[in-house]
Every structure is written in structure tokens, then in C-alpha cells.
Amino acid sequence: MNSVLLQTVRGWLREASQVAVLTGAGISAESGVPTFRDAQTGYWAQFRAEDMATEEGFRAHPERVWGWYMHRRQLMVGVQPNAGHTALAEFAQRHPGRLTLITQNVDGLHQRAGSHGVLCLHGDLMEDRFLDLPRPCCHPDTVEAGTPPHCPRCGNLLRPGVVWFGEALPLAVFDAAQQAARACNLMLVVGTAGVVYPAAGLAHSARAAGARVVVVNTAASELDGVAHAVLHGGAAQVLPALLAL
Ligand code: APR
């Protein structure tokens, strides 16, 4: 970590009355949650996103896709928030009303670290919803066990409550995130490859609206070019050092 740059960014943070933070899978990497695009350990190195993270993929192979999400849920039982998640939650507690936390992650680790009002752009891994528009017979409490569980009367399948490729983001959540991006003086972009839109566009919006943009990442990202500063390092090291104000 470049300590001179770190001090500069800490100065920007002190000056900023509104801070927005956009996180991605990298912030949970040190908790033991695989990222998506790591060349060796990332999910998309082992699976095709089209198969596992689209409605078409689910309809074609519901058993396989449901099984993968259940595996990811199981994984979450054994992991804990890390010092990066905690540093963000504690900063927000010390500075009420100053930080908006926007995440692409569906793992719930920000919330488990004590962050409130997290704007979850891509949904929640732990939630289910019906694949097709629920009919009167479709009720979450009366689904029949299966892979996936389904309505015993009409067969409507449960699916994970995450946003798949090609699907719209939850409108109110995305609106709030855009407002925060446009209103902030400083945006931290932590642990995201910056390739998935519209989420990555929030960094462009922040910059266009006059905010300073700072990337925190262990490697190069697609958003480095938008940033005023890039802090290279793991989120669990960089964020506690940065946010101890
Ligand atoms: N600290 C900071 N950054 C890290 C760390 C770490 N310890 N470990 C990895 N990274 C960085 C990687 O260098 C990479 O830039 O985190 C980023 C992870 O990128 P992706 O795996 O592409 O995850 P993300 O950007 O969150 O993906 C966006 O894509 O598949 C979809 O819906 C999924 O929300 C996800 C979206």
C-alpha cells in the first residue's frame, strides 16, 4: 500500500461531507467467498455465467442452477465479515448520515458487519422468489420440497432472489444509488472488476458530478481510468487504514 497516497485519500475523506462506497466481490474475498472473475478461483472460471446467472440458464437446467445457489448459501454459513466490512460499518456509525453503502454483493456480509441501509443492487442470495408471476396457489410457505422447490399445484419454481444478467436492477434501490453517486464528494470503489453495468456506471456518474473517485483493489480494474487515485491492496487492509477517522 502506498502510504503517501493513502494519506492524500484520507485528506479527501476528511473533506467529504458525503461519501458513497460501491463494493464488489473483492471485499468478501478475504472472508473466503470466491469472486467471479479471478482467473483461477473465480466462479466464472469454472462455470459459464450464461448457464448459472441467466433466466434462460435456469429454465434450461433448474436443478443444476438451484444446486449451485444452495451450495453458495451453504458456504455463507461458514464465513464471517472481515475487517473491510467492519471498517465501513464502524465509519458509518461514527459519522451518521455521511456514508451511503452500495453493493453488488448478494452475500449479506455488509449487513452482518453492522451496516444499515445497504443498497443491494443485485439482490440477496438468501432470498427466494417464484420464477413465474405467482398465481393464487403459489405461496412460499406451502412449496413442495425439491430441486428447486415448487408450487405443488401449478409447478411454479422457486428461484434465488438475485439479479441475473439481462434482468433489471430493483428500481428504487438503483435510483437511490444513483442519487448517492451524484450527491457524493468522494466515491470509494472497492473490490470490483468494474465490468458489470449499470453498477459500474455509478463511478462514472460520481466523477461526472464532480466527486473524487478512489479505487481500492488488489489488481487493475476497468474503473482505474475513472479514478483520481488507485489504492492497491486487499480491502481488509486498506479500508481499516483509510477509514480510521
Ligand atoms: N481486496 C480488494 N479487491 C480484491 C480483493 C481484495 N482482497 N480480491 C480480489 N479483488 C478484486 C479483483 O481484482 C477484481 O477486480 O475484486 C474484483 C472482483 O471482481 P469480480 O469477480 O468481477 O466481481 P464483481 O466486480 O463484484 O462482479 C460484478 O458480476 O457476475 C456478476 O452479479 C455478479 O455482482 C457480480 C458482478
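These values consider heavy atoms only, across backbone and side chains, with no hydrogens, waters or symmetry-generated copies. All figures in this text were calculated on a predicted structure; none of them were measured in a lab. Each ligand, and each atom within it, is numbered from 1 in the order the structure gives.
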Report task. Could you note down all residue pairs passing salt bridge (charged side-chain N to carboxylate O under 4.0 Å, His left out) where residues 154-183 supplies at least one of them, sequence neighbours left out? Result -> Arg159-Glu167

Requested in this report: Could you walk me through whether Asp38 and Thr41 pass the side chain to side chain donor-acceptor pair (under 3.5 Å) test, one step at a time?
Outcome: CA-CA 6 Å; Asp38 182 275; Thr41 59; 3.0 Å; yes

Requested in this report: Write out all pairs satisfying side chain to side chain donor-acceptor pair (under 3.5 Å) with one or both partners inside residues 116-128, taking only residues at least two apart or from two chains.
Outcome: Arg73-Asp128

Query raised in the report: Does the ring of Trp68 carry Arg64 above it, NZ/CZ under 6.0 angstrom from centre and within 45° of its axis?
Result: no

Query raised in the report: So which protein residues pack against ligand 1 under 4.0 Å, heavy atoms counted?
Result: Gly24, Ala25, Gly26, Ala29, Glu30, Thr35, Phe36, Arg37, Trp44, Gln104, His122, Phe165, Gly191, Thr192, Ala193, Val196, Asn217, Thr218, Ala219, Gly233, Gly234, Ala235

Requested in this report: Just jot down the side chain to side chain contact (heavy atoms under 4.5 Å, CB included) partners of Glu30, sequence neighbours excluded, or say none.
Outcome: Asn82, Ala235, Ala236, Gln237

Query raised in the report: Do you know which two heavy atoms are closest between Ala211 and His228, and how far apart they sit?
Result: O-CE1, 3.3 Å

